[in-house]
Amino acid sequence: MNGHLLSIVLFTPLAGMLVLLLLPGSNKTLIRIWANVASLAGFLVSLPLVWRYDKTASGFQMVETADWIPSLGVKYMLGIDGISLLLVMLTTLVGFLAVLSSWSAVQERVKEYYAMFLLQQTGMIGVFLALDFFLFYVFWEVVLVPMYFIIGVWGGPRKLYAAIKFFLYTLAGSVLMLLGILTLYFQHFEQFGFYTFEISDLMKLSLPLGLQQWVFWAFFVAFAIKVPMFPFHTWLPDAHVEAPTAGSVVLASVLLKMGTYGFLRFSLPLLPDASVTPAIVQVLAGLSLVAIIYGALVSLMQKDWKKLVAYSSVSHLGFCTLGIFALNPNGLAGSVIQQVNHGISTGMLFLIVGVIYERRHTREIKEYGGLAHVMPVYATVFAFAMLSSAGLPLLNGFIGEFTILQGAFETSRVWAAFAVTGVILGAAYLLWLYQRTMLGEVTNPKNKGLPDLNWRELAVFLPLIAWAIWIGVYPKPYFEVLEKPVAEIVERVRPGYFGQQAAVQALPGEVR
Amino acid sequence: MNFLDAIWLIPLFPLAGAAAMLLVGRHLDRSAKAVISLLCPGTVLASLLLSAGAVAQLVGKAEKFHEVVLYTWVAGLPFRMADGAAAVFTADWGFLLDPLSSVMILVVTGISFIIHVYSVGYMGQEGGYYRFFGYLNLFVFFMLMLVLANNYLLLFVGWEGVGLCSYLLIGFYFHKKSASDAGNKAFIVNRIGDAGFILGMLLMFAVIGSVRFLDVNQALGSGRFAAETAGFGVLSLMALLLFVGATGKSAQFPLYVWLPDAMEGPTPVSALIHAATMVTAGVYMVARSHALFRLTPETSLIVAVVGAFTAILAASIALVQNDIKRVLAYSTVSQLGYMFMACGVGAYWVAIFHLYTHAFFKALLFLGSGSVIHAMGGEQDMRNMGGLKDKIPVTHWTMFAGSLAIAGIPGLAGFFSKDEILWQVYSSPWGATALYVVGLVTAAMTAFYMWRLMNLTFYGQPRMDGHTAAHIHESPRTMTVPLAVLAAGSVLAGWIGVPKLWSVFPEAFRAFEHWLEPAVPSIAAHAAEGAPHETGIEWMLMLLSVAVALGGIWLARHFYVHRPQLPDALARSAGGLYTTLSNKWYVDEIYGYLFVDGLAKGGGSALARFDNRVVDGGVNGAGWMTRLGSTLSIWWDTWIIDGSVRLLSFMVKVFSYPMRLLQTGLFQSYALAFVLGILALFAWLLVR
Amino acid sequence: MIDTLFFYLFALMTLGGGVLTITRRSAVHSAIWLIVSLAGAAGLYLLQKAEFLFAVQIILYVGGIVLLFLFVIMLVNLDQAARERQFNRQWWLALASALGVGGLIFYFLRAGSGSLQLAAAPVPSPVLEGNTERLADVLFSQYLLPFEVASILLLVAVVGSVIMARKRV
Amino acid sequence: MFHPITTVHYLVLSAALLLVGTIGVLARRNIVIILMSIELILNAVNINLIAFSHYFQQVTGQIFAIFVITVAVAEAAVGLGILIALFQNKETVLADEVDLLKW
Amino acid sequence: MSQYYTSVDHFVLVPAILLALFGCAVLLFDFLLFPEPRQRKYLVWFVALGLVFTGGALWRQQHFLSVQKIDSITAFGGTLTIDGFALFFNWIFLAASLIVALISYKYLETAGEHQGEIYGLILLANCGMFFLAAGTDLITLFIGLELMALCFYVMVGFLRGDRRSNEAAVKYLLLGAFSSGFLVYGFSVLYGLSGSTKLAAIRMALESRGASDPLVILALVTVSVGLLFKISAVPFHMWAPDAYEGAPTTVTAYLAAGSKAASFAFLMRMFMGPLAPSRELWEPLLAVVAVASMTVGNFAAITQSNVKRLLAYSSISHAGYILLGLIAGNDTGVQGVLVYVLVYVFMTMGAFLVVAALRRKEMLGEDLEDMAGLVHKSPGYAFLMLIFLLSLAGIPPTAGFIGKYFIFLSLIQTGHYVLAVIATLYVAVAIYYYFRIVRSMFISPLTDRAPAATSLGLKLALAVTGLMTLLIGIYPEPFLSLAQNSLLR
């Protein structure tokens, strides 16, 4: 049991799905209950990870290895470090809450819906746990299919377009990543005489800079599309807007993190020389900054509630990638924390849209107004989510943003100066949204009799709010958990960073 | 009991109150309003008592600071400072009590308590009572965090937090669009400042390696950093960025625009947040960063100039406002300008002194105006008031005291602090006569508009309609008692900082200076050591300022009580106070034409227009730009990025159909393609 | 020399027959000209000392396949078809591209004709007994397998054409 | 004109016949004649094979040719069978009228 | 020469003999034992029996090779060679034949053309495929090819009452005969270049001649077009969509899987054998052809509304992918070809099986719209189809990914980066049209409530294809090691 904790965490949702498939499709209540039980179980079995994780140790923990396809050197290899720990916990919790939130939202083809969800859950956890590149790739692609169906079957009016766009975009990126992976794989064979996909083995490669850069760009396309970085983001608003609420939540909270995780786990450690190449760093940081500002500006102009939140994701994820390409401990740790934060706060925002959509079946902002009168609890929850997303101190967003800014500032003051405008704009679009929906008089008669949050809905939000406050007030455990893995990445990318005096290669724009 | 080690409890009480209100307050609101009325002021009172105890113990302590660190908040990841040295990015959840923060916590808890009590009466009939007190308590919590924090990052928690509470309280009447607009404006404009503050902190991390006040001051004082007397260096930039934050929070030019709009909130809020406490946070922060500003004369000059400009700009606008709270709002902006002027010339303790006295009289004036509004049934336009003196006497007399204090009449609180500022501006090594002149003119304007307010409100002919007139009544005890307390404060608070000039008073009367000056040493104190005190000039200047104050008051009386447009009213109500001025109506007309209509009204409204068009316009323009930018972005998104994807799918189809067209269904065309294929292969190998 | 003469005669028959096969309007005429062409080829076989092939060509082709063609032509009653255009619309394209291919084949043949001479020198085989015997010997030893498979092939051909051509049940 | 006839002559002849057959396949409308053209192509192959066989003084080429003839017969038979099936349904043997399946 | 038919010859030939025997027996039984149409389904089991026997024979050969630790057994004086490669492909043919036999009964009955001869033709075609995979002599290969092709001509036109079937058969036959004319012309030139019909001898002759000999080019081009025609590579692909669409769906499956696999075996034998010396000539040629195949196949498939036609175009693009393995040419590439063909057979047959299941008396069930809402009426079919389509697209953890994996890897190993990028990008294009089917099945509302066909054979066949598609995707190890041992060097 103990030796296979990660496998248990990984396959619990899948097992839940298989049982689910055996249940009679006609009994919707039973299916709902089981899906909730299964996803809750998925969360509960992941909890031991938290206290069994040793934050003082470096490297991967709880590693499980088994041969899978020996002739290709493919292993079934799972392991966890601070970065994946946080993302796995985010996945299991948000996954459970998303399932819980769809109790009444989904009425059609319930069984398939939950089956897709649980399958996707396993895929996402697998992405964060895999230590074998092949395994990673398999999980990476596995995630696509359920999401396609979640958007395509249970989505909004333009669901078909959105679903296929999502699928095509991400697939196009990931096949290029496959080429990159295979290149590394082959290079490993050339240098060491055996084939392996194990990340720790691939890290031993010494590649010429040119090749590293090519592979980097191949990875970049995949990860940047997933994140999504500007200008690969256009699938995101469509997918988010058309997806059902829980789909949007998981998409925003977890799925996008696969991209940033990819940068952290693969691009930087495997291609350290390419990662510090001035051109690459500048392009990536530049795109991140564009995303921050651009996403916020576009958010400002949205008429569709959900689209606004979707574009805000672009902006927030811009912070995450900026942190990554600051290439220093604070940037990286801030990025991971901000990924969790984005999962929490944007997840909440999508849930909030979902709650009202379930009641009114419209997402037009102008249809609303004055909801704080009729739904005070809802308005309060929304306020929390908004403030958390806007990065108010004492809530989670601030910790992440500030740490990223610290990291970015260390590398380039100009970056930080531009990024800070994102903070301002972030407040602007969120407040304006809040004003247009929650404040003022109730002008639309259809909004008069809306019921406030029920207990189930509140139960979805409370864990997220609690988590948001925890990170905001006492983020120390997160920093501690991230310290070692982040240090390893930085040391790999910029050797000597942790030495006594700076003998380290300066990055472009770095003020020294 | 060791109060010093318990200072972390000080902000906790209001937080508990706020949490209670926001979580279960809705149920209390219906059943047990009295619990709210007792609990919320009670928590603040507890904080006040704790603060008092702590300050008292601090006075007795040898080293004049006490630091309590609860835990590491943002926990240490290493980074490289600008000079390449290793440092740790960390910030504690820690509290620092030193003379500066002790003044602040007393002011904050004291004024807050009074305003809480006042609110019990003022808000008694309003809906969302629990919400109001919840926000108010939350505000006190954040404000105390702001002043008690031991580092900039934690200060920033309070800094943003008060901004949030300001947003919540301005938008308290959230069904009014203007209220929520004002709330948004406040929050966003504050955020602009905060962005500067954040960058300032980042720069501080990069240059100094820590944001802990003691570390920063120690590092800056250690001589590691030379004063940037010539040129604009990294420290100046840091100071400037922090000051940008301060301009947002403390409503300085060009970011002051949110404050007048903030008057949409309930009046106690205006008193507490927008007069006494939150807006002074910038001043506090600049004083807190005195070690930095001392090294950066360039930035200090900017601070002084911005302060002076804001002071005179706001004062001139206040001249022509008709909304009673707006006059006070501009007045606040103007007074904050004074404080920054003091900071800019390096007289930090004086700025804090003015902050302290201003808290009394401005809170008083706001609460008084609230009482007036309360009495008038919500009316805020002074043109519909008049002659309220006898109907609401307590309000009148307390406001009378407050107006005198702000006008700078000797003996009242405002005089001591304002005069000290003017003197420092004149005499400090970083001071300048030009600044002094601006300050003096502002003082005259201040006296004028305050008394214009008084005259329009309390004196002269009643101009309200009968229905309102019939319902005018004095406010309840919960409101008048706080007024009285504040009035006493406005009168007496200055006496702990009498000028050195008045050498008849013992040093005890200069306790404020003695308490603060070592903690936040001013430029002047160092410069003045050993130099002879030019008492003659100082006396002259003092008299001058008193004179302009009196002149302003007189002018106001003359214009608004003896108004030529209202001869009947003049005749009936002109008391003995105004008889000397009543004959000069011809001058009055010219002055009226020249000064009020021409210069003040014209100029003031020109400035108001400037405010509306240029400054506000700047904000609007930014909004417009934003919209333009986002429209362009959407355009880009739809047509270029999505467009390229669509182009691809279009190309796909463009490829697809011709390919299908080749598939004619005629087998001989297939055979032809086959042969052409052979031809191509041959040809390829031929030309190879 | 007489060989040369015969070669050109047969070549003319073969090619001319071929060209007329594909240009005659009437299918029956085409079939007749096909016979000529096949016969010409048979003559060429004879010239190359492939007597057995000559016999096979005459018996199987001329006697078998062409007959089959004629049957089918009768069966499907091509009179009507004969009145229509005998070439399709793309004939000029077909001609051009086929000539192109032909040109290239000729080019490569010409370029390669030299190397052909250099190929493994023909081993003058020992006593040449009758062509048919030798053929049989090799066919039933070395090429026994294809021979057997060919029988299956023919079976399939028979079964296939029966399936295709039989009346619908 | 009376120079000795070499293998190359046969190859050229064969190629020409191949060409003729190809043109027939490409250009004739009547499927029966197209089948005949295919016979021409196979004959061209046979000419090649016999020529090489003669050149190498072995019988392998001739054997190959026998098989080619076999295949030609089989193809013709099946082809004509299918043609009859088509004719039964469609009453045509013209190649350009067989265009139900396209695009 | 003394013994014309040795025991070794026999041992090698047994599978073919069995196939031919059972094939003939089926033809015989059809009208001797089972004259009643209803009884014809027993033929299916007879065919299965025959295939099982053949499998036994193949297993004996496989076992012999592994026990004796030898690479190959050559028989009939070098005419036939049994090696890992031949066996590997024969397993594939066997599986394809079995699956086709299992489903043909129901389908043809529905289509109203259930004749017993089809089973004979299936077995005889398989016999032809055997020679394509195992033959090492031009004549054997040619006869094997024609045997297979003739069976297919007949099978494609098997629905004699259906004009589309007639048309498909006519087109396929005419073009097939035309192309084999060129192929055999090339063979004749090869013979002329070497004086032998044995592949090994030809290879040696070509090696000594050098790559740029004009006659070699002549042979290369004509042989290549014949081979490329068979695998339906662009621009020799045009018969494929028509033949696939017109043929009975079960035959289409066989055509797409069995015939294509056999053609690839043939193609590999030729290009890795006699034509290997002129690799520098054909490598760029094939690269262009491969890219063109992927391009045309993928793009043309996008706008198709007939599922069979769509799958036909997709099979054209798959031919391009498989060719890439040959272009890379190293062991990984060849292994990739083997693995890809293996998975391709299962996934593409599976997809056609589902289409076949939708056939009803009055309705073809081949249109995209006929699949609308399939998940509501037959979720099993829909999910299996999803697996097949994902596999066709190359999404892990399905088998198709493993195939693509090898192709990409071999391209990278040999430095064909541009081809690799093109090939990967076409994966994204392909997903677009595969997911049109998915969309129709899962998202569109159900329009036609009549149940899809089902039979024991169909269920078995789908189970086998589905299972293999997943198994090779999730646990490919045994198949990979099998392919590893079956490399053609």
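Values in this document were obtained by computation on a predicted structure and should not be read as measured data. Just so it is clear: chains get the letters A, B, ... in the order the sequence lines come, proteins before strands, and each one is counted from 1.
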Practice item. Go through the atoms of Val234(E) and report whether side chain, backbone, both or neither lie under 4.5 Å from a heavy atom of chain B. Key: neither
Point to revise | Segment of Phe182(E) engaging chain B (4.5 angstrom heavy-atom cut-off) | key: side chain
Practice item. Heavy atoms only, distances under 4.5 angstrom: which of Ala292(E), Pro284(E), Ser224(E) has the most pairs with chain B? Name it, please. Key: Pro284(E)
Check your understanding: Where on Leu218(E) is there a heavy atom nearer than 4.5 Å to chain B: the side chain, the backbone, both, or neither?
Key -> both
Check your understanding: Taking atom CD of Glu207(E) as the centre, does the number of heavy atoms from other residues, nucleotides or ligands within less than 6.0 Å exceed 12?
Key -> yes
Review point. Is there a side-chain contact between Leu206(E) and Leu275(E) (heavy atoms, below 4.5 Å)?
Key: yes
Study note, to complete from the structure: Comparing Val288(E), Leu285(E), Asn298(E), Thr222(E) against chain B, the one with the most heavy-atom pairs below 4.5 Å turns out to be Leu285(E)
Check your understanding: To the nearest 0.5 Å, how far apart are OG in Ser180(E) and CZ in Phe187(E)?
Key -> 10.0 Å
**Study point:** Trp239(E) ring center near Phe674(B) ring center (under 6.0 Å)
**Key:** no
Check your understanding: Taking side chain as C-beta onward, heavy atoms only, is Glu283(E) less than 4.5 Å from His416(E)?
Key -> yes
